[in-house]
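Have a look at the structure below, then the notes.
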Number of protein chains: 2
Amino acid sequence: MHELFAENQAFRANGRLWIEGPADRFLGIGRLELLEHIQATGSISKAAKTMGMSYKKAWDLVSSMNTQARQPLVGAQAGGAHGGGAALTPAGAQAVAEFRAMQERFEAFLAAETARLYQ
Amino acid sequence: MHELFAENQAFRANGRLWIEGPADRFLGIGRLELLEHIQATGSISKAAKTMGMSYKKAWDLVSSMNTQARQPLVGAQAGGAHGGGAALTPAGAQAVAEFRAMQERFEAFLAAETARLYQ
DNA sequence: TACCGTTATATTTGCCCGAACATAACGAAG
DNA sequence: CTTCGTTATGTTCGGGCAAATATAACGGTA
């Protein structure tokens, strides 16, 4: 393979990884980061803002995950002290931890494949 | 993780894998299959037709690969006995073999990750 | 009870990417 | 020198999906 690519190692293996259900995508890197931001901020709207994402899109993603999972990943309440808020359920926290680990194994795979291009 | 997913194992890990250069995507599963069809048919247009792809799109993909690689992956000639044709160069055949193997390693990775969801 | 920031949801707008269409050149063969 | 199937390339068109916009409801608090 090394003969095919430039000496400066300009080429690399890359990819996308996700978990999908029968109907739709369930969890990918974008949804993972959204969950992590919800975990950090306690709010869907704050998480969306920090990611440069519209609230509607963020809410649609959360809705997709909550309806597909056996148990919701995000619990939210409208109204109240500061307008409301959202937090990860235990299932959500577990999903974040597990998929983050899966993503890291995938990145290790990609690094190994990139190295292989030049071995 | 097993508590998050249904007993019927409806969820699975999936993904996309490709090799990218400094400017653009270089080789993915779609381009790989195109190269394999060119290899089998000796023609860009026949390969495109069997894949249900427009000739222009197929040619654009071939052009992208040929301009990014150190050596062209596909050699083609217009005109002649039966209008011309196209064939993989040795570099093209090598790229097909190597990326096909990479893709199969990726599919093994996905199968292992899917199994892990329910372990 | 007015206010505030959030959740929740529908509708409209806009834009980009791919599909479709069009055209030219090539070169052996008859 | 016409025909044929292919390579080669530009341009136009349309649909689908993301973005933007709009609106309502919620429920503590002051």
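Letters A, B, ... are given to chains in the order of the sequence lines, protein chains preceding strands, and every chain is numbered from 1.
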Check: B:Leu117 main-chain N/O paired with A:Glu98 side-chain donor or acceptor under 3.5 Å: no

Taking CG from B:Asn66 and P from D:dT7, how many angstroms apart are they, rounded to a whole number? 13 Å

Length of the CD1-C1' vector between A:Ile38 and C:dT7, whole Å: 12 Å

Heavy atoms, side chains only, cut-off 4.5 Å: are B:Tyr118 and B:Arg12 in contact? no

Please list, one pair per line, the donor and acceptor atoms closer than 3.5 Å that link side chains of residues 81-92 of chain B to other protein atoms, with sequence neighbours excluded.
unit_1: B:Thr89; atom_1: OG1; unit_2: B:Pro72; atom_2: O; d: 2.7
unit_1: B:Thr89; atom_1: OG1; unit_2: B:Leu73; atom_2: O; d: 3.3
unit_1: B:Thr89; atom_1: OG1; unit_2: B:Ala91; atom_2: N; d: 3.4
unit_1: B:Thr89; atom_1: OG1; unit_2: B:Gly92; atom_2: N; d: 3.0

Are B:Leu32 and B:Val74 connected in a single hydrophobic cluster, I mean Ile/Leu/Val/Met/Phe/Trp/Tyr linked by side-chain heavy atoms less than 4.5 Å apart? yes

Looking at CG of B:Leu35 and CZ of B:Arg31, how far apart are the two atoms once the value is rounded to the nearest 0.5 Å? 9.5 Å

By nearest nucleotide on DNA chain D, pick out whichever of B:Lys46 and B:Ser63 is the more 5' one. B:Lys46

Measure the CG-CD1 distance between B:Leu17 and B:Ile29 for me, rounded to the nearest 0.5 Å. 9.0 Å

Below the 4.0 Å mark, does C:dT7 have OP1 or OP2 next to a side-chain nitrogen or oxygen of A:Ser43? yes

To the nearest Å, how far apart are B:Met53 CE and C:dA20 P? 12 Å

Output the rounded distance in Å from CD1 (B:Ile44) to P (C:dC26). 17 Å

Could you state the atom-to-atom distance from CG of B:Asp60 to P of C:dA20 in whole Å? 14 Å

Heteroatom pairs (N/O) under 3.5 angstrom, protein to nucleotides 12-15 of chain C:
none

Centroid separation B:Phe99 to B:Phe106 less than 6.0 Å: no

In the structure I gave you, are the side-chain heavy atoms of A:Arg116 and B:Arg105 within less than 4.5 Å of one another anywhere? yes

Among the candidates D:dT7, C:dA8, C:dT6, find the nucleotide nearest to the side-chain atoms of A:Ser45. C:dT6

Under 4.0 angstrom between A:Trp59 side-chain N/O and C:dT7 OP1 or OP2: no

Could you go over nucleotides 18-27 of chain D and give all protein N or O partners under 3.5 Å, atom names and distances?
unit_1: D:dC26; atom_1: O2; unit_2: A:Gly79; atom_2: N; d: 2.8
unit_1: D:dG27; atom_1: O4'; unit_2: A:Gly80; atom_2: N; d: 3.2
unit_1: D:dG27; atom_1: N3; unit_2: A:Gly80; atom_2: N; d: 3.2

Just how far is it from atom OG1 of B:Thr114 to atom CD1 of A:Ile19, taken to the nearest 0.5 Å? 8.0 Å

